[in-house]
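Keep in mind that the numbers below use all heavy atoms, side chains included, and drop hydrogens, waters and symmetry copies.
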There are 2 protein chains.
Amino acid sequence: MVRKAGREFTIRDVARSAEVAVGTVSRVLNDHPSVTRDVRERVQRAITSLGYERNAVAQSMRSARTHMIACAIRDFDIPGYVSYVKEAERIFRAADYTFLLASTANDKAVELSLLRKFAQRRVDGVMMTISDESDPELIAAVEQAKMPLVLIDREMIQSVDRVAADHRSGARQATDYLLSLGHRRIALFVGDPHAHPSRSRIEGYGDAFRAAGLEPDPAMIRDHSLSNEFTFRETSALMQRPDPPTAIFVAGIDMLAGAMRALKAAGLAIGRDVSVVSGGDSDLAELSTPAITALQWDRAQMGRHAAQMLLDRVTGRTTEPPRCVRVPVSLVVRESCRPPQ
Amino acid sequence: MVRKAGREFTIRDVARSAEVAVGTVSRVLNDHPSVTRDVRERVQRAITSLGYERNAVAQSMRSARTHMIACAIRDFDIPGYVSYVKEAERIFRAADYTFLLASTANDKAVELSLLRKFAQRRVDGVMMTISDESDPELIAAVEQAKMPLVLIDREMIQSVDRVAADHRSGARQATDYLLSLGHRRIALFVGDPHAHPSRSRIEGYGDAFRAAGLEPDPAMIRDHSLSNEFTFRETSALMQRPDPPTAIFVAGIDMLAGAMRALKAAGLAIGRDVSVVSGGDSDLAELSTPAITALQWDRAQMGRHAAQMLLDRVTGRTTEPPRCVRVPVSLVVRESCRPPQ
DNA sequence: AAAATATTTGGAAACGGTTCATTGACCGGC
DNA sequence: GCCGGTCAATGAACCGTTTCCAAATATTTT
């Protein structure tokens with residue numbers, strides 16, 4: 001049999017070649033029990049001899065399931081995020097789902113447009129972060145999504161499943177530790193306070209101060225952007241004040257590099273001149289000299305939870321009300337903090 | 001109009017609601033010129049009032065184009081790779097292509113199975129790495145792929161498009177530099193020599209030795225795996241020899257952390273006790289104390305090239321024979337290398 | 001004003017699977 | 001020898017678009 005120009009073989013070609021009906025080929029492909037050994041083998045032979053590959057598009061068209069899961073995160077190259085995603089992809093692939101990935105640059109318009117695209121593609125489920133958990137348009141888009149959806153590291157929208165690290169407790173631990181060393185002017189860097197991680201970190205920071213009978217100084221808090229440039233600029237500015245902080249808590253997951261660059265440029269030594277705690281652990285934190293004290297949580301577990309929750313919805317195994325899984329955060333004490341001079 | 005239970009609105013519902021034919025709705029959706037303003041507006045109104053979302057699956061079915069690009073890389077959480085991917089995704093999204101991502105763990109079976117999956121999904125193009133450029137099965141699978149395909153950081157398979165960094169020149173520069181400082185026992189760590197980057201690095205390393213009238217010592221070369229554990233173990237072993245290397249060139253893109261961990265554990269100071277050059281630049285390399293001398297190339301550009309080449313094939317803009325784009329590599333000298341004592 | 005041409009709209013076929021009602025074959029029991 | 005029941009296999013309908021031909025209408029030309 002010769003393939004028609006530009007056309008791939010279809011189930012009909014297989015049927016003709018094996019001298020059976022198309023329905024029979026479909027049943028062979030789907031391991032339906034009521035096919036005799038003889039016919040099954042004839043069909044298998046036809047399939048291999050033609051090099052037939054089943055068309056997933058046609059399959060999705062009829063079955064109204066695409067076996068695709070979409071994921072949208074702030075940015076690909078944030079090692080912290082990618083750890084979640086890596087584990088999730090592994091689980092989805094094992095469950096025979098294809099993984100679709102996009103970055104949003106933390107931009108609401110991109111987030112909304114991706115949600116529409118995912119809907120048009122009829123993906124079976126969505127895993128994502130959003131830039132602003134209190135934006136009505138984003139909330140509406142998330143709540144009215146036609147497919148199951150899991151939010152990553154977001155907490156506020158109660159009507160969908162969520163997986164989040166316990167950043168409030170993490171920030172509390174970090175701040176408690178710095179306060180216990182005697183620090184009082186502790187700079188706090190977080191990202192956009194419209195999303196849960198930043199808000200929770202600010203809360204945890206405040207919790208620690210208040211538990212010590214102190215009031216946090218708003219001038220020490222910088223909440224604006226997650227970019228490295230921002231962290232660099234603000235660290236530089238803060239260290240030039242007449243009363244610079246004696247400790248810096250760079251709470252964003254990928255802010256450490258920016259702060260270190262600024263301190264290096266200013267000729268300040270971590271540990272000796274200023275104490276530093278990083279809000280996310282990394283090779284950089286672990287292997288710096290001195291090694292940086294950091295907050296840490298099981299990122300693979302977070303990805304696993306998100307993937308599993310989503311799969312449970314997609315396959316209909318769960319119809320329970322939406323829930324929020326919270327992953328614990330702990331402080332790894334290294335060498336970057338000393339009592340202030 | 002009420003949506004039937006469990007069914008979404010279709011183009012037919014829109015047609016009925018706007019009192020036009022389905023073909024007309026399709027023409028409105030596709031901005032076909034021959035639709036009068038009046039009809040167009042009536043259809044638009046029907047679309048918004050029903051909340052209709054076009055079904056991309058059906059569209060693909062009919063048009064035989066999915067507007068999806070698949071990408072398979074060794075691992076998500078290798079910052080070096082993710083930089084390529086990030087830029088590529090941006091370009092594909094801008095061109096209205098959806099990006100499909102999978103990790104292969106550098107495993108041939110996974111690579112083959114993903115290629116089949118991509119074929120079944122009828123993606124319009126594929127961007128990937130493969131674990132072994134000389135494996136006949138992989139070569140066959142890549143060459144016989146029904147869709148355009150671009151290999152990332154692979155060079156050998158001439159019959160498809162490729163984008164690769166010039167690792168040979170990079171390794172030559174790094175080794176030249178270490179030799180010029182007076183080092184002779186220079187350890188070289190690379191990944192699996194079945195793929196271009198490792199092979200090229202070994203060649204570049206040898207080039208430098210031979211250009212200096214020396215012969216490289218095979219006992220100083222470790223080519224096996226890209227894992228951090230491997231690098232850790234082998235670094236530890238090598239430094240315990242009676243004649244340990246005076247310099248280490250960790251040429252793999254994500255091997256630096258493993259080597260640094262081993263040196264730290266052995267109580268050896270980089271720069272003073274042993275010189276180090278990293279085969280890939282990173283925050284870790286830049287911000288370590290001392291800062292690590294590293295090879296560097298424009299990763300975004302690599303992703304851009306790959307995406308553009310693929311788009312040119314997918315859209316039929318190019319029918320030229322396959323080519324290989326090579327991205328230059330340069331050495332950034334920092335503080336991690338000194339003459340041997 | 002009629003003819004020729006261009007433009008807009010309608011409606012059916014096609015894409016490649018899955019599903020389901022129907023047919024046909026075979027077997028055992030009375 | 002007939003009937004009922006089970007199991008395999010058939011083939012048409014269907015999923016939601018796009019595309020193409022034909023019909024209807026508008027516009028220009030003669």
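- When the C1' atom of D/dA9 is taken as reference, atom CG of A/L29 falls 15 Å away, rounded to whole Å.
- Contacts of B/V57 with the nucleic acid, taken as non-hydrogen atoms under 4.0 Å apart, are absent.
- When atom types are taken as modelled, the side chain of A/N106 and the backbone of A/R74 share no donor-acceptor pair closer than 3.5 angstrom.
- The distance between atom CZ of B/F9 and atom P of D/dC15, rounded to the nearest whole Å, is 15 Å.
- B/S134 and B/D132 form a side-chain donor-acceptor contact under 3.5 Å, judged by distance and modelled atom types alone.
- Judged by distance alone, with hydrogens and angles left aside, B/R12 brings a side-chain donor or acceptor within reach of the base of D/dT17, the pair sitting under 3.5 Å.
- Atom NE2 of B/H32 and atom P of C/dT7 are 12 Å apart (whole Å).
- As rounded to whole Å, 15 Å separates atom C1' of C/dG11 from atom CZ of B/R16.
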Under-3.5 Å N/O pairs linking protein and nucleotides 19-24 of chain D:
none

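- Residue B/S34 has its side chain nearest to C/dT9 when only C/dT9, C/dG16, C/dT18 are considered.
- Under the 30°/60° scheme for interplanar angles, the aromatic rings of A/F99 and A/F92 are found to lie parallel.
- Listed in residue order, the members of residues 36-46 of chain B having a heavy atom less than 4.0 Å from DNA chain D come to none.
- Smallest separation of non-hydrogen atoms from B/A141 and B/L115: CB-CD1, 3.9 Å.
- Protein atom CD1 of A/I11 is 12 Å distant from nucleotide atom P of D/dT10, rounded to whole Å.
- The line from CD of B/E87 to CZ of B/R304 is 4.5 Å long, rounded to the nearest 0.5 Å.
- Residue A/V35 is classed as a sugar-phosphate contact, given heavy-atom separations below 4.0 Å to backbone atoms only.
- For A/N30 (side chain) and A/H32 (main-chain N/O), no donor-acceptor pair under 3.5 Å exists by modelled atom type.
- In this view, B/E89 and B/R93 satisfy the salt bridge (charged side-chain N to carboxylate O under 4.0 Å, His left out) rule, not counting sequence neighbours.
- Between the side chain of B/D75 and the main chain of B/I78, no donor-acceptor pair closer than 3.5 Å is present.
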Start with the C-alpha gap between B/R116 and B/S113, add the side-chain angles, then the distance that decides, and say whether side-chain hydrogen bond (donor to acceptor under 3.5 Å, both in side chains) holds.
CA-CA 5 Å; B/R116 279 200 60 189; B/S113 119; over 6 Å; no
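- If you measure from atom CD of A/E8 to atom C1' of C/dC15, you get 13 Å, rounded to the nearest angstrom.
- For A/R122 and D/dT17, the CZ to P distance is 7 Å, given to the nearest whole Å.
- Per the geometry, CG belonging to A/D13 stands 11 Å off P belonging to C/dC15, to the nearest Å.
- Between B/Q59 and the phosphate of D/dT18, there is a side-chain N or O to OP1/OP2 separation shorter than 4.0 Å.
- Where B/E19 and B/A58 each meet DNA chain C at their nearest nucleotide, the meeting point lying more 5' is that of B/E19.
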